[in-house]
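Side chains are part of it too, since the values below use all heavy atoms of this structure and drop only hydrogens, waters and symmetry mates. Naming: A, B, ... by sequence-line order, numbering from 1 per chain. Bear in mind that the values here come from a model prediction, so they are computed numbers and not experimental data.
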2 protein chains.
Amino acid sequence: MAKSNRAICLCPLEGVIDIISKKWALLIVNEIGNHGRIRYNDLMKEIQAISPKTLADTLKELVKYNLVKREAFNEIPPRVDYTLTKDGEELRKSIIPILQWALSKKGTVIAHCSCSI
Amino acid sequence: MAKSNRAICLCPLEGVIDIISKKWALLIVNEIGNHGRIRYNDLMKEIQAISPKTLADTLKELVKYNLVKREAFNEIPPRVDYTLTKDGEELRKSIIPILQWALSKKGTVIAHCSCSI
DNA sequence: CGGTATCCTGGCTGATACTG
DNA sequence: CAGTATCAGCCAGGATACCG
């Protein structure tokens with residue numbers, strides 16, 4: 001989020017917006033939640049429109065905010081699982097109304113939608 | 001939102017994210033909702049950290065999406081009122097959980113918050 | 001497989017001054 | 001009062017190639 005010279009808004013929204021305004025964050029949270037546990041490349045497949053860099057960046061952010069947990073296994077080939085933390089689950093639940101709102105406004109052309117609610 | 005060469009995601013989230021990822025959109029929707037009916041400069045006062053341009057731009061977007069209604073009165077001095085549309089009200093309701101989630105995660109330092117839930 | 005490294009672009013946002 | 005006009009900067013995000 002860009003900085004400002006203006007008075008700082010101490011609104012609780014400030015923090016959320018940093019998260020939910022990340023283009024892919026909610027989608028990823030929702031997707032991980034749907035799968036319970038999912039690997040990096042499977043996320044790439046589910047969210048086809050995302051680039052590897054952006055996925056990695058966003059996941060890092062989510063891990064930093066303690067919304068997502070990363071588990072790496074020392075195997076060959078390498079394996080990394082992502083799951084939601086308790087906070088992540090809560091966030092996921094709290095965005096359901098907004099997803100439903102979105103659905104009710106579009107209603108159409110969600111046939112091939114890989115990310116369900 | 002930046003464009004991409006990749007496969008288009010037909011997810012219902014796509015549309016919402018365009019809206020909720022606007023830095024000030026949710027804040028403005030919430031603020032208008034709190035007041036029921038509010039004028040441009042009063043919004044400026046409530047959301048002190050926003051610039052006039054950004055406020056105007058965001059309002060236009062919200063009007064375009066039919067979330068906010070703009071009413072101009074031919075008076076001197078000029079007067080313009082903003083209210084939420086039905087859709088806007090619904091959106092506002094659907095973001096309450098996320099606001100509450102935000103509150104529960106921060107809980108602190110919201111003393112001088114001008115935007116309440 | 002699960003990412004980095006690198007380079008690049010354009011849109012969002014801000015500051016400020018001005019106007020009908 | 002309710003905005004526009006103008007100029008500018010940053011950085012999220014994309015494309016692509018490569019690595020342990």
> To the nearest angstrom, how far is Asp81(A) atom CG from dC1(C) atom P?
Replying inline: 14 Å

> How far does the helix from dC1(C)-dG20(D) to dG20(C)-dC1(D) bend, going by the axes of its first and last five pairs, to the nearest 10°?
Replying inline: 60°

> So, is Arg39(A) near the phosphate of dG2(C), with a side-chain N or O under 4.0 Å from OP1 or OP2?
Replying inline: yes

> Is the side chain of Thr54(A) donor-acceptor paired with the backbone N or O of Ile50(A) at a distance under 3.5 Å, no angle test?
Replying inline: no

>> Under 4.0 Å from OP1 or OP2 of dC1(C): is there any side-chain N or O of Tyr82(A) that close?
In response: no

> Of the residues in residues 68-79 of chain A, which ones touch DNA chain C at a heavy-atom distance under 4.0 Å?
Replying inline: Arg70(A), Pro77(A), Pro78(A), Arg79(A)

> What is the distance from CD of Glu46(B) to P of dA2(D), rounded to the nearest Å?
Replying inline: 14 Å

>> Without decimals, in angstroms, what is the distance between Gln48(B) CD and dT13(C) C1'?
In response: 18 Å

> CG of Leu27(B) to CG of Leu43(B): how many Å apart, nearest 0.5 Å?
Replying inline: 9.5 Å

> Lys60(B): what forms a salt bridge (Lys or Arg N to Asp or Glu O under 4.0 Å) with it, not counting sequence neighbours?
Replying inline: none

> Step by step, would you call Arg70(A) with Val80(A) a side-chain contact (heavy atoms from CB on, under 4.5 Å)?
Replying inline: CA-CA 7 Å; Arg70(A) 195 192 111 113; Val80(A) 178; 3.7 Å; yes

> Asn41(B) CG to dG3(D) P: how many Å, rounded?
Replying inline: 9 Å

> Short question: side chain of Tyr40(A), backbone of Pro52(A) - any donor-acceptor pair under 3.5 Å?
Replying inline: yes

> Partners of Lys93(A) by side chain to side chain donor-acceptor pair (under 3.5 Å), sequence neighbours excluded?
Replying inline: none

> Looking at residues 55-63 of chain B, who's got a heavy atom less than 4.0 Å off DNA chain C?
Replying inline: none

>> Please enumerate all residues that pass side-chain contact (heavy atoms from CB on, under 4.5 Å) together with Asp42(B), with sequence neighbours excluded.
In response: Ile38(B), Arg39(B), Lys45(B)

> What pairs with Arg37(B) under side chain to side chain donor-acceptor pair (under 3.5 Å), at least two apart in sequence or on another chain?
Replying inline: Glu71(B), Asp81(B)

>> So, OP1 or OP2 of dA15(C): does either fall under 4.0 Å of a side-chain N or O from Ser51(B)?
In response: no

> Rounded to the Å, how far apart are Leu27(A) CG and dG13(D) C1'?
Replying inline: 15 Å

> Whole Å only: how far is the CD1 atom of Ile47(B) from the P atom of dT13(C)?
Replying inline: 13 Å

> Between Lys69(A) and Val63(A), is a side-chain contact (heavy atoms from CB on, under 4.5 Å) present by the stated rule, with each step listed?
Replying inline: CA-CA 6 Å; Lys69(A) 186 176 166 198; Val63(A) 167; over 6 Å; no

> What residues form a side-chain contact (heavy atoms from CB on, under 4.5 Å) with Asn66(B), not counting sequence neighbours?
Replying inline: Thr85(B), Asp87(B)

>> Within the 4.0 Å limit for protein heavy atoms, which parts of nucleotides 5-10 of chain C are touched? Write it as a string from 5' to 3', B for base, S for sugar-phosphate only, - for none.
In response: -B----

> Among all residues two or more places apart in sequence or in another chain, which pass the salt bridge (Lys or Arg N to Asp or Glu O under 4.0 Å) test with Glu61(A)?
Replying inline: Lys64(A)

>> Apply side-chain contact (heavy atoms from CB on, under 4.5 Å) to residues Ile98(B) and Ile98(A) and explain how you reach the verdict.
In response: CA-CA 9 Å; Ile98(B) 222 172; Ile98(A) 222 173; 5.5 Å; no

> Which whole-number value in Å describes the distance from Trp24(B) CH2 to dT13(C) P?
Replying inline: 9 Å

>> List the residues meeting side-chain contact (heavy atoms from CB on, under 4.5 Å) with Val29(A), not counting sequence neighbours, and say none if there are none.
In response: Leu62(A), Leu84(A), Leu91(A), Arg92(A)

>> Once side-chain contact (heavy atoms from CB on, under 4.5 Å) is applied, do any residues pair with Asp57(B), and if so which ones, sequence neighbours excluded?
In response: Lys53(B)

> Does Lys22(B) put a side-chain nitrogen or oxygen below 4.0 Å from OP1 or OP2 of dG11(C)?
Replying inline: no

> Atom CD1 of Ile19(A) and atom P of dA12(D): how far apart are they, to the nearest Å?
Replying inline: 14 Å

